[in-house]
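Working notes, structure below.
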Amino acid sequence: QVQLVESGGGLVQAGDSLRLSCAASGPSVSSYGMGWFHQVPGKEREFVAGISWGGGSTNYADSVKGRFTISRDNAKNTVYRQMNSLKPEDTAVYYCATDPSGRNGRRAYEYNYWGQGTQVTVSS
């Protein structure tokens with residue numbers, strides 16, 4: 001069974017940058033698509049960014065295009081998300097997940113394994 005552990009969250013100011021990591025253990029995730037979602041209290045988990053199994057295709061929510069970049073290192077079984085120009089509305093718990101189809105779907109139901117999440121708080 002794949003286990004995912006997110007790291008890199010924290011408290012930052014608006015305009016700052018953060019780099020989140022998602023390390024996978026267990027079977028290799030090199031054949032899986034990977035995605036990042038965020039969730040705020042009282043709302044459903046929302047898609048942020050996704051990357052295909054080989055890294056050749058990426059997908060972003062409109063709210064983060066141009067500010068966030070998703071990448072992966074299959075040799076390290078790790079996915080990254082660079083977040084620049086952070087805004088207070090980016091405050092959320094961020095989760096990474098695996099897409100067994102190998103694509104980078106935008107729907108939570110397309111993903112099967114999930115991490116525990118890492119909190120990102122952006123102050124104004």
Worked verdict on Phe68 versus Trp36 for ring pair (Phe, Tyr, Trp, His ring centres under 6.0 Å): CA-CA 11 Å; Phe68 291 8; Trp36 285 96; 9.8 Å; no
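- Closest approach of Arg106 and Phe37 over heavy atoms only: O-CE2, 4.0 Å.
- In this structure, Ser124 and Ala14 approach most closely via the heavy-atom pair CA-CB, 4.4 Å.
- Between the OH atom of Tyr111 and the OG1 atom of Thr98 there is a distance of 9.0 Å, given to the nearest 0.5 Å.
- Between Trp53 and Asp99 the shortest side-chain heavy-atom distance does not fall below 4.5 Å.
- Atom CZ of Arg45 is separated from atom NE2 of His38 by 11.0 Å, given to the nearest 0.5 angstrom.
- Val79 places a side-chain heavy atom less than 4.5 Å from the side chain of Ile70.
- Counting heavy atoms from C-beta on, the side chains of Tyr95 and Leu4 never come closer than 4.5 Å.
- Note: Ser85 OG to Arg67 CZ = 7.0 Å, rounded to the nearest 0.5 Å.
- Distance CD1/Ile51 to CZ/Arg103: 15.5 Å, rounded to 0.5 Å.
- No hydrogens or angles considered: nothing links the side chains of Ser52 and Asn104 as a donor-acceptor pair under 3.5 Å.
- A distance-only check finds no donor-acceptor pair linking the side chain of Gln116 to the backbone of Val5 [under 3.5 Å].
- In this structure a side-chain-to-backbone donor-acceptor pair under 3.5 Å is missing from Ser30 to Asn74.
- Within a 6.0 Å radius of CD in Glu89, more than 12 heavy atoms belonging to other residues, nucleotides or ligands are found.
- Scanning all heavy atoms of the two residues, the minimum distance from Pro100 to Glu110 falls at CD-O, 3.4 Å.
- The closest side-chain heavy-atom distance from Val29 to Arg72 is below 4.5 Å.
- Considering OG of Ser7 and OH of Tyr80, their distance stands at 9.0 Å, rounded to 0.5 Å.
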Give every donor-acceptor pair under 3.5 Å between a side-chain atom in residues 15-24 and any protein atom, sequence neighbours left out.
residue : atom : partner : partner atom : Å
Asp16   : OD2  : Gln13   : N            : 3.1
Ser17   : OG   : Asn84   : OD1          : 2.9

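- Met34 and Val93 end up in different hydrophobic clusters when Ile, Leu, Val, Met, Phe, Trp and Tyr side chains are linked at under 4.5 Å.
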When you look at Gln1 and Tyr113, which way does the side-chain contact (heavy atoms from CB on, under 4.5 Å) test go after all the steps? CA-CA 8 Å; Gln1 182 165 333; Tyr113 295 113; 3.4 Å; yes
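- One finds no salt bridge joining Asp90 and Lys87 here, because no Lys/Arg side-chain nitrogen approaches an Asp/Glu carboxylate oxygen to under 4.0 Å.
- The neighbour count for Gln119 CD, taken as heavy atoms of other residues, nucleotides or ligands under 6.0 Å away, is above 12.
- One finds the OG atom of Ser63 at 10.0 Å from the CZ atom of Phe47 (value rounded to the nearest 0.5 Å).
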